[in-house]
Amino acid sequence: MTDDTHTPTDSSGTATEYRAMTDGGTDDQARTDGGPPATVPPDDETPTWTERKERRQGLSQLTYQYFERSRREDEDLRAASTYVERDVLGFPTWPHETIRNLAISSFFVGIMLLVSALLPPHFGEPANPGVTPAIILPDWYLYWSFGLLHLDPINPEIAVLGGDKVMSDELYGLVAHGVIFGIIGLVPFLNKGSARRPVEEPFWAALGVAGVIFSVTLGVLAIQNLVPIGLDLLLNLVFLLPVLGGIVTYAVLKTMREGYMYDLNRRYYMLRPPK
Amino acid sequence: MSLKKQDEMDHNAWLKSQDLTVIETAFLTTLIWLDKRLRIVDYLELLETMYYRANLQMPKSHTEQYDLDNKFWYWYPLYSLGSLSILAYLVAAVSGALLGFYYSPSTAGAVAQGDPTAAYDSVIEIMQDVQFGFMLRSIHRWSAQFMVAAVFLHMLRVYFTGSYKEPREVNWILGIVLIGLTLLFGFTGYVLPWKQLSFWAAQIGVEMALATPLVGEWAAQLLFGGFTLGQATLVRMYILHVFILPFVVTALIALHVGIVWVQGIAEPH
């Protein structure tokens, strides 16, 4: 096409080929006097709906093919399903569900108002850039993050680089945040399948418990100057307690699983005693 | 053919010919008045759909369907944590809008280092002079605490019931983003009273931003308005807290809930 448009006065064969890509417009009339093609294509270059629907090429064709497959899959699944749609599946939104939700909401809002009336917030000194306070702390929900920033004692010093730290202590804390968020974000891509209960997957439940304990121990690390434990011991506890908690959880869940299996087996053999 | 305008559809005459009660007449008059101007009839199908939506029956949950309520009722609070955090968010929004009438984001007024600034004084004024001001600030603070707590517990519930699994990865990621934004909400709000702890929390924030390679200085200037704290920092925290974050977080919450709506609740089985 690019070659042809530079020679607009050539044979009719090229012209029909060219026309086949549009809805059969007025290219011959719209042609300029031998110059290069106009930057803005004339209106009849726009594909018609028929042309669009055919989706002959490229990504649009692949999309179309996949959607066709997907629709067919849906139909097959629906045909194979034994699900029966019943007339009444639940309670009406009004009044049943609405009133229940209103009750829950007003209860919760009431609790919030009650707590804010009973426990008024503390208000401290005005800001003073000249005096560093003895205790710098964020709100409780950022203790874990502040604890990550206190991990500088374990920032590795590389002997090869003459005992220098590869990262500054602050950057080390930031990278720790990235690692934590990254691991949490990866969870659904690593753990798949239909298992839902912690008993079904002791490893992932143990990992979760270890994470929860880790966030608590990091919080304790953040308030280290209020904790009467030496820093070395505290750092060890920060990493050992989560592992310990994880192991205990794993053991407990495995045992529970054995218990379930034992129970199931016992019932089975009570029903069908071995001969 | 006369040039006189013909009114073939004389609705008022039709209305008079009917034998209607006062309420019916009033209703129809209003309807005709509105319809002449807004052509409601074009949207009639939408209205009908909305009418039926209001009487929609929610599908029974797994536990209801198999009559397991007697065994699982004590799990239910864990399944309401998401909506509880939205509720706390709404309470915080309302009380925060009221607080915004009285708060001024300004470090002016401090003669020497450590003097109370205008921002600090306005919070003091809210707590001491404004009618119900102390309660208002208390409500705002506590609803924020409740929201963060509910969001964390919601995440734990989702993790331990495996609700993040295969078709729901996107919502899990979105949830992580929302937790981060919630914490940022809390952080910016913590800075606003410009008390000693606020200042040093912001100081740590600046140091963290500056420690980031490549984009560090740019980020510090964008978020904190410079490398040292001052008026610019306070205003940026304020704009983040009352303008940018509310829009972003509300939109993301809507998306988060919308995806749950489309995909269905992942119930344990």
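Here is the naming used below: chain letters follow the sequence lines, and residue numbers restart at 1 for every chain.
- The part of A/Trp140 that comes within reach of chain B is its side chain, from C-beta onward, which places non-hydrogen atoms under 4.5 angstrom from that chain.
- Residue B/Trp200 holds its CH2 atom at 14.5 Å from CD1 of A/Ile135, rounded to the nearest 0.5 Å.
- Looking at every heavy atom in both residues, A/Arg196 comes nearest to B/Gly162 through NH1-O, 2.9 Å.
- Options A/Pro198, A/Pro138, A/Pro129 differ in how many heavy-atom pairs under 4.5 Å they form with chain B, and the most are formed by A/Pro129.
- Among the candidates A/Val115, A/Leu207, A/Ile136, the residue making the largest number of heavy-atom pairs closer than 4.5 Å to chain B is A/Val115.
- Taken to the nearest 0.5 Å, the OG atom of B/Ser143 stands 9.5 Å off from the CZ atom of A/Phe108.
- For B/Ala202, no part lies under 4.5 angstrom from a heavy atom of chain A.
- Scanning both residues, A/Leu171 and B/Pro213, for their nearest heavy atoms gives CD1-CD, 3.4 Å.
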Evaluate side-chain contact (heavy atoms from CB on, under 4.5 Å) for A/Leu174 paired with B/Met208, printing each intermediate quantity in order. CA-CA 7 Å; A/Leu174 277 180; B/Met208 285 305 116; 4.2 Å; yes
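- The candidate from B/Ile173, B/Leu183, B/Thr228 with the greatest count of non-hydrogen atom pairs under 4.5 Å with chain A is B/Leu183.
- Using a 4.5 Å cut-off between heavy atoms, B/Leu84 contacts chain A through both its backbone and its side chain.
- Using a 4.5 Å cut-off between heavy atoms, A/Leu142 touches chain B through its side chain atoms alone.
- Distance check: B/Leu87 CG to A/Ile111 CD1 gives 12.0 Å after rounding to the nearest 0.5 Å.
- Atom OH of B/Tyr102 sits in a sparse spot, with 12 or fewer heavy atoms from other residues, nucleotides or ligands closer than 6.0 Å.
- B/Leu197 contributes atom CG, which lies 10.5 Å from atom CZ of A/Phe123 (distance to the nearest 0.5 angstrom).
- Ring centers of B/Phe187 and A/Tyr141: at least 6.0 Å apart, outside the cut-off.
- Only the side chain of B/Leu156 comes within less than 4.5 Å of a heavy atom in chain A; its backbone stays farther off.
- Ranked by heavy-atom pairs under 4.5 Å with chain A, the first of B/Glu207, B/Gln196, B/Lys195 is B/Gln196.
- For B/Tyr190, the part lying under 4.5 angstrom from a heavy atom of chain A is the side chain only.
- For a residue to count as touching a neighbouring chain, one of its non-hydrogen atoms must lie under 4.5 Å from one of that chain's; by this rule B/Asp115 touches chain A with the backbone only.
- The local environment of CZ in B/Phe132 is sparse, with at most 12 non-hydrogen atoms from other residues, nucleotides or ligands closer than 6.0 Å.
- Interface remark: B/Phe146 contributes side-chain atoms only to the contact with chain A (heavy atom separation under 4.5 Å).
- For B/Glu169 against A/Pro188, the heavy-atom pair with the smallest separation is CG-CB, 3.5 Å.
- Contact count versus chain B (heavy atoms, under 4.5 Å) is highest, among A/Ala205, A/Pro133, A/Gly124, for A/Pro133.
- Judged by distance alone, with hydrogens and angles left aside, the side-chain atoms of B/Tyr159 form a donor-acceptor pair with the main-chain N or O of A/Trp204 at under 3.5 Å.
- Chosen from A/Glu170, A/Glu125, A/Glu201, the residue pairing most often with chain B at heavy-atom distances under 4.5 Å is A/Glu125.
- Shown here is A/Gln65, whose CD atom has more than 12 heavy atoms of other residues, nucleotides or ligands within 6.0 Å.
- If you take OG on A/Ser116 and CZ on B/Arg141, they are separated by 11.5 Å, rounding to the nearest 0.5 Å.
- For B/Gln131, the CD atom is loosely surrounded, since the number of other residues' heavy atoms within 6.0 Å does not exceed 12.
- Interface remark: B/Ile204 contributes side-chain atoms only to the contact with chain A (heavy atom separation under 4.5 Å).
- Closest non-hydrogen pair, B/Phe199 versus A/Ala127, comes out as CB-CB, 3.6 Å.
- Judged by distance alone, with hydrogens and angles left aside, the side-chain atoms of B/Trp172 form a donor-acceptor pair with the main-chain N or O of A/Ile184 at under 3.5 Å.
- The interface of residues 103-112 of chain B with chain A, defined by heavy-atom distances below 4.5 Å, is empty.
- Proximity to chain A (any heavy atom under 4.5 Å) is shown, for B/Gln145, by both the backbone and the side chain.
- In this structure, the portion of A/Phe146 lying under 4.5 Å from any heavy atom of chain B is its side chain and not its backbone.
- Here the NZ-CG distance, from B/Lys165 to A/Asn191, works out to 4.0 Å after rounding to the nearest 0.5 Å.
- For the set A/Thr132, A/Val175, A/Val209, A/Leu113, the entry with the most heavy-atom pairs within less than 4.5 Å of chain B is A/Thr132.
- Taking all atoms of both residues into account, the shortest heavy-atom contact from A/Gly130 to B/Gln113 is CA-OE1, 3.3 Å.
- In this structure, the portion of A/Val212 lying under 4.5 Å from any heavy atom of chain B is its side chain and not its backbone.
- Of all the listed residues (B/Ser80, B/Ala201, B/Gly114, B/Ala149), the one sharing the greatest number of non-hydrogen pairs under 4.5 Å with chain A is B/Gly114.
- If you measure heavy-atom distances from B/Thr212 to chain A, the contacts under 4.5 Å come from both the backbone and the side chain.
- Counting non-hydrogen atoms of other residues, nucleotides and ligands closer than 6.0 Å to CD1 of B/Ile265 gives a total of 12 or fewer.
- Nearest heavy atoms, A/Pro121 versus B/Ser138: CD-OG, 3.4 Å.
- Proximity to chain B is limited to the backbone of A/Leu137, based on heavy atoms less than 4.5 angstrom apart.
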